[in-house]
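Letters go in sequence order (proteins before strands), and every chain restarts at 1. Side-chain atoms are counted along with the backbone in the values below, which use heavy atoms only and exclude waters and symmetry mates.
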There are 2 protein chains.
Amino acid sequence: MVTKNEETNFQEKIKAIQDTMFVLGGKWKIPVILSIYSGNKRFNEIASSIPTITNRVLSKELKHLEENLLISRTVIDDYPVRIEYALTAYCLTTEEVAAPLEKWGKNHLKKISGKV
Amino acid sequence: MVTKNEETNFQEKIKAIQDTMFVLGGKWKIPVILSIYSGNKRFNEIASSIPTITNRVLSKELKHLEENLLISRTVIDDYPVRIEYALTAYCLTTEEVAAPLEKWGKNHLKKISGKV
DNA sequence: GGATTAAGTATACTTTAGGATACAGGTATC
DNA sequence: GATACCTGTATCCTAAAGTATACTTAATCC
């Protein structure tokens, strides 16, 4: 038995978590952010730093991240036209999510494989 | 330009995050955990605490969570046979992931709606 | 004028997640 | 013997996510 307020909190928690999952969830979003964070700026650099991602998927992910204000896309107009991706200042807040996800995943692997 | 070790770290980070996403990602896994955490034990209790989830999906999520050692399923053999779900001690570690996801989601909503 | 390079797009899939609806199986009550 | 209760399963479907492979466009070097 829960009170009205606990009930409301519960629904709000669910919504907030589902929102985060929409923006940062899926197989590739955080890996793309980490790739740019670790120094890759150009489309092909990012693509080759994430071995099994395809052009089409990377293109979609970059758009999604840009729409959510997490990365910027700059056109550099010399030969041949280059594009540079960069993380926004806001994107650095995703570290608060990525670090726990990484830590939990590493521990879970041990747990499941019976070593903990 | 990154060194061999940075490269290895990067690939390991990606894998750990993708592992977590597989276990806790998607629309319903953390909501189901939160529902049990907030006191719901029975299938129908959990189902009705999460307004739009269907029986089929809840059933799948419960199995997935049980396989990953996050919940237990106990058969209680009186009339009519009841089942009680409970979080394992290990499941409490998901709070380390759920709390940041919730916090980030709440802030992101403000950010995107232009209030921050 | 042919080759090369960067940043994608086009097309055509396959796979996974999730949703809608119905109903089954066992038991105890009436 | 019909009915209701509980925990799901069965069947079918849609939509989203992800994959594979080839191609485009524009400029500039050779």
Side-chain angles (χ1 to χ4, degrees), chain A residues 14-15 17-33 35-36 39-68 70-86 101, chain B residues 1 14-15 17-36 39-68 70-86 101:
Chain A
I14 290 180
K15 187 181 175 311
I17 288 168
Q18 290 182 342
D19 284 352
T20 303
M21 285 298 183
F22 176 71
V23 178
L24 297 178
K27 196 169 173 184
W28 299 117
K29 271 149 206 139
I30 293 182
V32 169
I33 290 171
S35 172
I36 300 176
N40 302 301
K41 296 176 169 56
R42 314 271 295 283
F43 190 90
N44 285 334
E45 282 175 358
I46 301 167
S48 57
S49 76
I50 308 176
T52 59
I53 200 170
T54 63
N55 282 3
R56 182 178 184 278
V57 170
L58 177 55
S59 175
K60 281 193 174 186
E61 298 295 54
L62 288 169
K63 271 178 195 158
H64 176 99
L65 293 171
E66 199 189 349
E67 280 164 12
N68 282 284
L70 295 167
I71 63 174
S72 62
R73 179 181 185 278
T74 308
V75 179
I76 297 180
D77 200 18
D78 54 317
Y79 154 75
V81 172
R82 284 175 296 137
I83 310 291
E84 283 193 5
Y85 291 96
L101 288 174
Chain B
M1 180 63 176
I14 290 180
K15 187 181 175 311
I17 288 168
Q18 289 182 342
D19 283 352
T20 304
M21 285 298 182
F22 176 72
V23 178
L24 297 179
K27 196 169 172 183
W28 299 117
K29 272 150 205 137
I30 293 182
V32 168
I33 290 172
L34 288 177
S35 172
I36 301 176
N40 301 302
K41 295 176 168 55
R42 313 271 297 282
F43 190 90
N44 283 337
E45 282 175 357
I46 300 166
S48 57
S49 77
I50 308 176
T52 60
I53 201 169
T54 63
N55 281 3
R56 180 182 184 277
V57 170
L58 177 55
S59 174
K60 281 195 171 185
E61 298 295 55
L62 289 168
K63 270 178 195 157
H64 176 99
L65 293 172
E66 198 189 350
E67 280 164 11
N68 282 282
L70 295 167
I71 63 174
S72 62
R73 180 182 185 277
T74 308
V75 179
I76 297 180
D77 202 17
D78 54 319
Y79 154 76
V81 171
R82 284 176 296 138
I83 310 292
E84 282 193 6
Y85 292 97
L101 287 175

Whole angstroms only, please: what is the [atom1]-[atom2] distance between [X] and [N]?
X: E61(A); N: dT9(C); atom1: CD; atom2: P; answer: 13 Å
X: K41(B); N: dG8(D); atom1: NZ; atom2: P; answer: 16 Å
X: R73(A); N: dA6(C); atom1: CZ; atom2: P; answer: 16 Å
X: F22(A); N: dA15(D); atom1: CZ; atom2: P; answer: 16 Å
X: R82(A); N: dA6(C); atom1: CZ; atom2: P; answer: 10 Å
X: D77(A); N: dA7(C); atom1: CG; atom2: C1'; answer: 14 Å
X: N55(A); N: dT9(C); atom1: CG; atom2: P; answer: 10 Å
X: F43(B); N: dC5(D); atom1: CZ; atom2: P; answer: 17 Å

What's the separation between atom OG in S35(A) and atom CD1 in I46(A), rounded to the nearest 0.5 Å?
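Answer for the OG-CD1 pair, S35(A) versus I46(A), is 5.5 Å.
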Side chain of I83(B) (C-beta onward), nearest among dT9(C), dG8(D), dA7(C):
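Nucleotide nearest to I83(B)'s side chain: dG8(D).
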Touch class at under 4.0 angstrom, heavy-atom based, for [X] against every strand present:
X: R42(B); result: sugar-phosphate
X: K29(A); result: nothing
X: K27(B); result: sugar-phosphate
X: Y85(B); result: sugar-phosphate

Please confirm whether the shortest side-chain N or O distance from [X] to OP1 or OP2 of [N] is below 4.0 Å.
X: N44(B); N: dT7(D); answer: yes
X: K63(B); N: dT9(D); answer: yes
X: S59(B); N: dT9(D); answer: yes

Do the non-hydrogen side-chain atoms of L24(A) and N68(A) ever get within less than 4.5 Å of each other?
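A side-chain contact under 4.5 Å is absent here.
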Any side-chain heavy atom of I76(B) sitting closer than 4.5 Å to one from V81(B)?
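No - every pair of side-chain heavy atoms lies 4.5 Å or more apart.
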Could you tell me whether K41(A) and E84(A) make a salt bridge, using a distance below 4.0 angstrom between a side-chain N and a carboxylate O?
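No salt bridge links K41(A) with E84(A).
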SB check R73(B) E66(B) (cutoff 4.0 Å):
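Salt bridge absent between R73(B) and E66(B).
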Would you say the base of dT19(D) and the side-chain of R56(A) have a donor-acceptor pair closer than 3.5 Å?
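Counting by modelled atom types and ignoring angles, a donor-acceptor contact under 3.5 Å is found here.
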